Amino acid sequence: MSGDTLSKILAAQGFKGTDINKIADLLKTKAGITGLRADRDKIEFLHEGGLDKPISKITVMPGPWRRVELTCDDGGVWSCNAIDIERDTRLVYRQGEILDGDSFYLAGMRANIPAGILADVYDLLAFEMDFERDVRAGQKFSVLFEENYSDNKKIDNGSVIVVSFDALRGNVKMYRYRKSDKAVGYYDPNGNGAIKSLKRTPINNAKVTSSFSTRRKHPVLGFTRAHKGVDFRASTGTPIPAAGAGRVVARGFNRGHGNFVKIRHNGSFETLYAHMSKFAKNVKVGTAVKQGQTIGYVGSTGLSTGPHLHYEIIKDGKHVNPLTVKLPAIDNLDAANKKKFLEYRETLDKAIENLVDHPDLFIQM
Ligand SMILES: [Zn+2]
């Protein structure tokens, strides 16, 4: 039981059973804390008036943005106060450039962009570009992102606010924007939804080993036939995320595809994932899946020469090239939101112009 650890921590400080129960009860009812772990949660004890005096205050930090204070009055009665720590959010700007033989990850680290922010950028841009095939020396990128401070100390990173990447197909730029209904999304500079309904590359960072073609020599069969999808190299057991939200319409095995899953998405799109080693639990015909939800695991079942994901996009019943097909946006702004977005974008662009010249500065939110 998780409460055990709390009892142990308090007992080690010399608390008696009745006090332990009272404190545990206060933490549960006033702060929603049911258990503490010594290795994870910060807990401090204060002996007012010296170490020989009894503990008069306990401070618990269940996360970086919350502090719970338990205080004992002269009569030995404990009370509990949960405090939200004020977040001082700063927007910082980083620019980088891909060098020869570089990956976006390496270039991003060199540009002093935190790994977690880089992962978010991958996820955002995976709808627009393929980080294996589309990255070239000389491409520039920039990210405006949140850093959260408390008492002038950096605690963690927040969201990506603006990202820009000089992709092969032209500059890709996205802005994070909160609509009047509070829903948050990413939009291109004109206010069109930037997050596409389907990902071109379901597995981030997977190398394309065979592209879409109407004629190719089949590696196993030996003769020429169409390759109706794209192959991504990945090791056996790598989770395969659904490229978009939808409903599973087929899950089974056939000689060519091996274990495969087919999803029907909104509109006219379907996606198919083949050669799986196994299916995800709870993913069956009829299951509604979210974008990014694991539907199965990479394998080499069916006609396959080694572990990879074979991925197909089917539009109106016809196979299309996942890497080039025009994909609809999930979300577009209505007129009122678009007007506000464009004003907001202009403010951000002006702020960024300033940060380009003064990279040490930040925008105070
Ligand atoms: Zn294939």
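Every number for a ligand or one of its atoms is a count from 1 in the order of the listing. Bear in mind the structure is a predicted one, so any value in this text is a computation, not a measurement.
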Qualifying ring pair (Phe, Tyr, Trp, His ring centres under 6.0 Å) pairs, either residue in residues 316-342, two or more places apart: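 Those involving residues 316-342 are Tyr175-Phe341, Tyr177-Phe341, Tyr187-Phe341.
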Carboxylate-amine/guanidinium contact Asp25 Lys30, below 4.0 Å: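 Salt bridge: no.
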Presence of N, O or S from His308 under 2.8 Å of the Zn ion (ligand 1): no
Sole residue of Leu272, Asn321, Val320 in side chain to side chain contact (heavy atoms under 4.5 Å, CB included) with Ile313: Val320
OD1 (Asp231) to the Zn ion (ligand 1) to NE2 (His227) angle, given to the nearest 10 degrees: 100°
Name of whichever N/O/S atom of His310 is nearest to the Zn ion (ligand 1):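 The His310 atom nearest to the Zn ion (ligand 1), restricting to N, O or S, is ND1.
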Distance, nearest 0.5 Å, that separates OH of Tyr93 from CG of Leu91: 12.5 Å
